[in-house]
Amino acid sequence: MAHDAPQATGPSKLVIRNIGLLLSGALEKPILDADTIVAVNGKISAIGRLKDVDIEGATTVVNANGTTVAPGLIDSHVHPVAGDWTPRQNQISWIDSYLHGGVTTMISAGEVHMPGRPRDVVGLKAMAIFAQRAFWNLRPGGVKMHAGAPVIECEMVEDDFKELAAAGVKLLGEVGLGGVKDGPTARKMVGWARKYGIQSTIHTGGPSIPGSGLIGADVVLEADTDVVGHINGGHTALPDDEIRCICEGCKRGLELVHNGNERSALFTLRTAREMGDLHRVILGTDAPAGSGVQPLGILRMVSLLSSLGELPAEIAFCLATGNTARMRELDCGIIEVGRSADFVIMDMAQHSPGKNILHSVQLGDLPGIGMTIIDGIVRTQRSRNTPPAGRVPEIVSGH
Ligand SMILES: [Zn+2]
């Protein structure tokens, strides 16, 4: 178990050289012209050609061997409970398994699978603060889990949101998973949350598991959460006309999840694209859930949207990195000086008919992951979960 993730113990300097393809994570320029990245103390300090950057005093040197480097993937929608255990499927090390699928950051949409989850106001606040603290203190495998996302109940008052924010809570769990299921109450509370800097999301579509309910376009638009959580349902999606109505009726984030309706995800993608709003589309797995956990779920969404949605693969990767980082105000997700040195290094899977990694993803294949790096520290080498790639990066000096 990788519960004691290695932390930086002093000044560190990471050099990744011999990069064959560098994906930026940013829609406006998804491919960068560079073969080397330097990161000092966990932050990107230089991006360029080897001859032009300062690699003096590197503590770790990675030879990418001509493979592809992208920002670590971000899962915008997970349901953690405690540490690296989920009671929903009674599974341990699911977060570590996601790391092997290239995910370096996760956002909780509510710790709703906690057995005996309290629904009284004092109890739900205590649980959110506990989850925020616990995942701040413990990062399974090094994965940055942003947790502590209370599910709102009708008895809450403005002071509750003020108190939560003061205690470090920055997220709301999915509106609609608790007692608040009507537009006016949701809108009032989402407004209080926003006032105190707490980001919000909503459960869109039919009930996912017994206990959750139907949230239609009218409630989604009235609630006006920052993110329209799983707009493709979890799994039961809204009719296409309601999805279109949400896309056109607001400017909020449009979240597509693996544990949702794939056809509706493709419909949403097409709609957002027609509107010129691709920057609003972000990806999640919505796991653990009834259909399990999907360590490769974000990669599979990238491949699904690229192949069936006919989206260039380098653009599809932006939906799982830079788009989410900007919407969630994270310092990772884009290859840019000053941002967190969180990377996934990958190559075309062995025996894929693609001409190169991007083409293979556009054909619907998954890439093979050879390494993950978080805060400038190598966390995993060849993935135990992805298909093996033709080429793998290697650590040539350091540890
Ligand atoms: Zn949901």
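Atoms within each ligand, like the ligands themselves, are counted from 1 in listed order.
- Note on the Zn ion (ligand 1): protein N, O or S atoms under 2.8 Å away count 3, no waters included.
- Under the 3.5 Å distance criterion, with hydrogens and angles disregarded, a donor-acceptor pair is assigned to the side chains of Asn18 and Asn63.
- Using a cut-off of 4.0 Å between Lys/Arg side-chain N and Asp/Glu carboxylate O, Lys188 and Asp224 are scored as not salt-bridged.
- Listed by chain and residue number, nothing satisfies the ring-ring contact (aromatic ring centres under 6.0 Å, His included) test with His146 (two or more places apart in sequence, or in another chain).
- With salt bridges taken as basic N to acidic carboxylate O contacts below 4.0 Å, one links Arg280 and Asp277.
- Among pairs with a residue in residues 153-209, those fulfilling ring-ring contact (aromatic ring centres under 6.0 Å, His included) read Phe161-Trp192, His203-His230, at least two apart in sequence or across chains.
- Evaluation of the side chain to side chain donor-acceptor pair (under 3.5 Å) test over residues 297-314, restricted to residues two or more places apart or in two chains, returns His258-Arg300.
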